[in-house]
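Read the structure below first, then the notes.
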Amino acid sequence: MDKYTLPSKPQANPNAIVSGQNYRFTILTDRLIRYEWAADGTFEDRASTFAINRDLPLPEFKVINGDSLDIITKYFHLSYDKNRFSPGGFVVETNAKTTDWGAPWRFGLPSNLNLGGTARTLDDVNGRCDMGEGIMSKAGFAAIDDSQSMLFDGKGFVAGREAGDRIDGYLFCYGRDYKAAIKAFYAVSGKQPSLPRYALGNWWSRYYAYQQEEYLQLMDNFRAHDIPMSVAVIDMDWHLVADEKVPHAGWTGYTWDKKLFPDPKAFGDELHRRNLKITLNDHPHLGIHSHEESYEEMAQFLGHETKDKTPILFNPTDPKFMDAYLNILHRNLEKIACDFWWVDWQQGPYSKVPGIDPLWMLNHFQYLDGARDGKTPLIFSRYAGPGSHRYPVGFSGDTFVTWESLEFQPEFTATASNIGYGWWSHDIGGHLFGGRDDELVTRWFQFGVFSPIMRLHSCNSRWMSKEPWLYRGESEAIMSEFMRLRHRLVPFLYTQNISCSTEDEPLVQPIYWSYPDNEEAYAYPTQYFFTSELMVAPIVQPRNKQSNLGAVKAWLPPRRHVDILNGIVYDGDRETTLYRGLDEYPVLAHEGSIIPLDAEAAPKNGCTNPTAYEVLVVVGQDGEASVIEDPKDDETSSTSDQRKYTIKFDQNDGKVSATVAGKSWSFRFLAVTSIPKDLRVTINGADRTKEASVKVEIYPKTPSLVVECPSLSDGDNEIVIELGANPQLSVMDHKARIEKLLMDYQIEFKLKDRLWEIVESLKKHPINSSIGKLMALGYDEAITGPIAELLLADSRAVHV
């Protein structure tokens with residue numbers, strides 16, 4: 001098992017350690033400390049599931065060692081009475097002004113100000129669940145108890161903790177500097193890896209006994225509807241389940257069911273020909289029985305007696321079993337049709353060795369095994385505790401088909417970043433229970449598109465499958481279009497995925513990470529940042545029957561924002577309600593945002609590098625973005641180096657400068673609705689303005705100025721688009737949008753007339769007067785709110 005040795009630096013700098021007979025403190029940073037107590041005076045220097053790197057740069061600190069011990073840094077003052085840790089004897093004061101009362105951290109006392117972490121699973125959860133604790137707290141400090149975790153032996157395997165009275169913990173004292181806290185977390189626990197590009201597209205998953213040709217036809221049906229896919233998930237029925245040869249419940253299996261898949265190798269080849277990756281579900285807990293095709297080979301390797309056909313029990317604490325499990329059992333199946341594994345362990349944290357969690361074992365070794373031959377590894381499994389971020393992606397479990405479940409998932413996903421877990425995959429659309437609700441599933445699709453992983457899923461009920469064309473026409477069109485949008489976003493997401501790994505920031509972040517001192521940022525837990533460029537306010541409640549609009553209350557941070565899907569401009573630093581029809585979803589980009597998209601309206605399967613780009617630009621502030629491509633993701637793979645394009649926007653000069661390859665490039669300036677008189681397009685220094693296509697799109701399209709560049713030469717090119725000095729977002733006339741809203745309202749015609757009279761009066765009266773009249777009508781907020789939202793979105797709009 002030497003080849004599975006985890007790269008780590010678990011031994012800390014000796015100069016960072018302060019110790020006594022039964023205690024040891026390691027000052028990892030000036031705001032992060034490890035604390036240990038051992039009755040026998042023996043301390044642990046091996047890597048744990050949480051902490052794999054303790055050898056960090058030595059911080060400045062001072063020690064006062066007398067009858068008691070004081071350790072002082074710029075940010076905290078630790079006081080310790082040298083006895084077994086207790087709330088009275090081990091206290092840490094911080095200088096972060098996080099609460100009015102300034103209470104210190106005391107060992108062992110819980111805090112109700114912790115902002116949460118994540119949970120092992122959402123199985124059997126309808127709505128909210130306990131998310132445990134993360135390293136972020138409004139109190140300014142948070143602790144991780146690492147006393148019971150599994151250890152790595154440095155030789156490619158694992159070990160349990162030594163028995164006895166021991167405490168091993170880590171205290172984060174980062175105040176409300178949440179981004180600094182997560183960087184320290186990753187420094188100790190390891191970086192979150194980047195994902196292969198294909199993982200960022202649409203996944204198809206369903207618990208259903210598909211026939212081989214039926215599954216292939218389904219993938220072809222998606223293509224016929226111009227809906228791209230990237231990952232084909234084959235749930236447990238790929239293997240023998242109910243066959244008479246199976247001596248158990250059937251959930252575990254390693255032999256293809258030839259009645260369903262008569263030629264699994266050809267099946268895999270056909271999926272690959274469609275540019276899809278394949279993952280197979282594995283419930284390993286029942287071991288390998290005598291009917292399995294790999295039984296004899298496994299038994300011979302393990303020295304297992306086969307005369308009585310006794311099963312080979314699943315034993316993750318045995319290195320030789322794990323070697324056979326990966327390199328015989330799984331490898332034989334991977335040669336047929338499996339690109340990565342869905343590790344579906346549901347049997348708890350117990351094994352023959354106390355402290356060794358089988359889920360940890362499966363995640364760790366399966367992920368490292370997936371990195372062989374220079375591949376970018378991927379697994380699909382459950383969360384096992386702090387440190388699990390090293391093994392993406394997470395499977396959150398069997399989701400109930402209810403609005404309550406949908407409402408919780410955005411908060412659950414964002415909060416998981418508080419424990420560094422950035423790659424949750426949910427059952428988009430729901431897996432079981434509930435009832436048919438096309439609106440619910442449509443809203444879930446939209447959330448899925450703006451989630452780390454977009455994986456559709458459902459159970460084997462004939463009524464619950466998630467093909468868009470099985471739903472009413474309105475929902476079908478919207479679901480399909482958002483699935484296309486997901487693949488259009490892949491250039492942006494893949495680049496952010498690389499950046500998230502190198503810069504130590506998860507893809508999804510709670511709003512309060514960026515605005516820790518704004519109480520409003522904590523008040524809307526379903527709202528989140530999707531990369532630093534986009535803010536999503538998911539609609540998680542049914543739409544109003546009269547207005548036909550969904551609504552979500554949100555806080556808009558400082559800076560002006562534009563909804564990238566409809567071009568509405570919003571003032572920042574305020575609370576508001578956002579109203580959207582079923583075909584819209586609140587996704588806001590701040591001034592200075594640059595978002596590169598695949599320009600194809602219906603991209604191909606597999607998330608290959610695009611041949612044409614559309615770049616969204618929000619003027620108003622300086623901005624910068626990159627586009628990263630790996631040549632192995634070209635339609636025809638090459639061996640050249642990674643490619644990186646850069647796009648910059650200078651607000652003062654009103655200039656976009658892009659260093660790009662010889663592909664097709666267009667630039668969409670959101671919410672700019674006029675063509676600047678001095679607009680100029682140059683490529684490699686030559687004026688190409690006359691050859692560029694320049695147009696303005698207005699409502700009902702997304703209001704934008706669109707500049708399509710002329711053809712480029714091969715190799716690097718420098719595109720410069722000049723809009724003129726200090727360009728601004730346009731002030732929108734929302735009259736046409738309001739008219740469409742009113743047309744769709746399911747209310748009396750005379751009420752529509754009164755509302756329209758107020759809209760018309762804006763030509764003559766100040767907006768505050770018109771808003772006053774609107775409110776004075778006394779109509780339900782669901783009727784007046786959408787109109788008020790548009791009229792008040794942008795304070796520059798004195799009149800419509």
Side-chain angles (χ1 to χ4, degrees), residues 122 198-210 214-238 271 274-281 340 342 344 380 393-402 405-406 409-410 413 423-434 436-472 475-490 493 538 585 602-603 605-607:
L122 292 178
Y198 65 80
L200 300 171
N202 296 315
W203 297 30
W204 176 259
S205 179
R206 187 186 179 195
Y207 171 39
Y208 184 79
Y210 283 105
E214 181 185 14
Y215 198 102
L216 294 173
Q217 184 59 56
L218 175 60
M219 295 300 102
D220 291 343
N221 288 345
F222 274 105
R223 191 67 266 166
H225 285 82
D226 287 330
I227 300 174
M229 304 297 293
S230 65
V231 175
V233 182
I234 319 296
D235 211 320
M236 58 174 282
D237 286 288
W238 66 269
L271 287 175
R274 291 161 173 80
N275 212 13
L276 300 171
K277 299 296 184 181
I278 307 162
T279 181
L280 301 180
N281 177 277
F340 66 98
W342 175 2
D344 204 353
F380 181 38
V393 297
F395 165 50
S396 65
D398 298 338
T399 302
F400 285 36
V401 186
T402 63
S405 289
L406 172 59
Q409 281 191 0
T413 308
W423 290 107
W424 267 127
S425 168
H426 303 301
D427 290 350
I428 297 300
H431 172 66
L432 72 174
F433 304 133
R436 173 71 178 249
D437 188 330
D438 288 24
E439 181 189 358
L440 167 62
V441 177
T442 304
R443 290 301 189 196
W444 224 320
F445 270 52
Q446 293 167 330
F447 167 64
V449 168
F450 293 96
S451 299
I453 300 295
M454 170 54 171
R455 178 182 56 87
L456 305 178
H457 190 64
S458 58
C459 72
N460 57 7
S461 167
R462 69 183 302 160
W463 316 114
M464 289 183 64
S465 198
K466 298 301 187 300
E467 297 95 321
W469 54 88
L470 298 182
Y471 292 78
R472 293 174 178 174
S475 289
E476 176 192 357
I478 296 166
M479 292 173 177
S480 301
E481 192 57 36
F482 270 83
M483 291 183 73
R484 296 181 194 111
L485 175 60
R486 175 66 184 203
H487 274 241
R488 294 195 65 211
L489 283 163
V490 168
L493 294 177
Y585 203 63
N605 282 352
C607 303

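None of the values given here were measured: they were computed from a predicted structure.
Shortest non-hydrogen contact noted between Arg455 and Ser425 is NE-OG, 2.8 Å. The nearest pair of heavy atoms linking Gly429 to Trp444 is N-CG, 3.3 Å. Minimum heavy-atom separation, Arg486 to Ser451: NH1-O, 2.7 Å. Across all non-hydrogen atoms, the minimal contact from Val441 to Met479 is CG1-CE, 3.4 Å. For the residue pair Val393 and Trp423, the shortest heavy atom distance occurs at CB-O, 3.4 Å. Summarising the geometry of Leu271 relative to Ala232, their closest heavy-atom pair is CD1-CB, 4.1 Å, with the distance given to 0.1 Å.
No more than 12 heavy atoms of other residues, nucleotides or ligands sit less than 6.0 Å from atom CZ of Arg472.
Residues Ser480 and His225 bring no donor and acceptor atom of their side chains to less than 3.5 Å of each other. Counting only N and O atoms by type, the side chains of Trp424 and Gln409 include no donor and acceptor under 3.5 Å apart.
Judged by distance alone, with hydrogens and angles left aside, the side-chain atoms of Ser396 form no donor-acceptor pair with the main-chain N or O of Leu122 at under 3.5 Å. Here the side chain of Lys466 pairs a donor or acceptor atom with the backbone of Gly430 at under 3.5 angstrom. Arg484 places no side-chain N or O within 3.5 Å of a backbone atom of Ala602 that could act as its donor or acceptor partner. Using modelled atom types, one side-chain atom of Trp238 and one backbone atom of Asn281 make a donor-acceptor pair closer than 3.5 Å. A distance-only check finds a donor-acceptor pair linking the side chain of Asn605 to the backbone of Met229 [under 3.5 Å]. Put simply, the side chain of His487 gets close to the backbone of Asn202: a donor and an acceptor are under 3.5 Å apart. Side-chain atoms of Asp398 do not come within 3.5 Å of backbone N or O of His431 as any donor-acceptor pair. The main-chain N or O of Tyr208 is never found under 3.5 Å from a side-chain atom of Asp235 such that the two would form a donor-acceptor pair. A side-chain donor-acceptor contact under 3.5 Å links Ser230 to the backbone of Tyr198.
Every residue two or more places apart in sequence or in another chain was checked for a ring-ring contact (aromatic ring centres under 6.0 Å, His included) with Phe445, and none qualifies. Residues forming a ring-ring contact (aromatic ring centres under 6.0 Å, His included) with Trp203 (at least two apart in sequence, or on another chain): Phe340, Phe380. With sequence neighbours excluded, no residue satisfies ring-ring contact (aromatic ring centres under 6.0 Å, His included) with Tyr471.
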Next on the checklist: Pair Ser475, Thr442 - check side-chain hydrogen bond (donor to acceptor under 3.5 Å, both in side chains), show working.
Outcome noted: CA-CA 6 Å; Ser475 289; Thr442 304; 2.9 Å; yes
Checklist entry - Given His426 and Thr399, is the side-chain hydrogen bond (donor to acceptor under 3.5 Å, both in side chains) satisfied, shown in steps? => result CA-CA 8 Å; His426 303 301; Thr399 302; 5.7 Å; no
Item to check | Worked check of side chain to side chain contact (heavy atoms under 4.5 Å, CB included) between Ile234 and Tyr215 | outcome: CA-CA 9 Å; Ile234 319 296; Tyr215 198 102; 3.5 Å; yes
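Between Phe433 and Cys459 the shortest side-chain heavy-atom distance does not fall below 4.5 Å. Contact of the Phe450 side chain with the Gln446 side chain is not registered, since no non-hydrogen atoms from C-beta on lie closer than 4.5 Å. Residues Leu276 and Met219 form a side-chain contact, since some pair of their non-hydrogen atoms from C-beta on lies under 4.5 Å apart. In this structure the side chain of Pro228 reaches within 4.5 angstrom of the side chain of Arg223, judged on heavy atoms. In this structure the side chain of Val401 reaches within 4.5 angstrom of the side chain of Leu440, judged on heavy atoms. Side-chain atoms of Arg436 and Trp463, non-hydrogen and from C-beta on, never get closer than 4.5 Å to each other. At a threshold of 4.5 Å between non-hydrogen side-chain atoms, the residues Tyr207 and Leu432 do not count as touching.
Once rounded to the nearest 0.5 Å, the distance linking CG of Asp427 with CZ of Phe400 reads 11.5 Å.
Taking the six-membered ring where the residue is Trp, Trp342 and His457 present perpendicular rings, their angle passing 60° and hence far from 30°.
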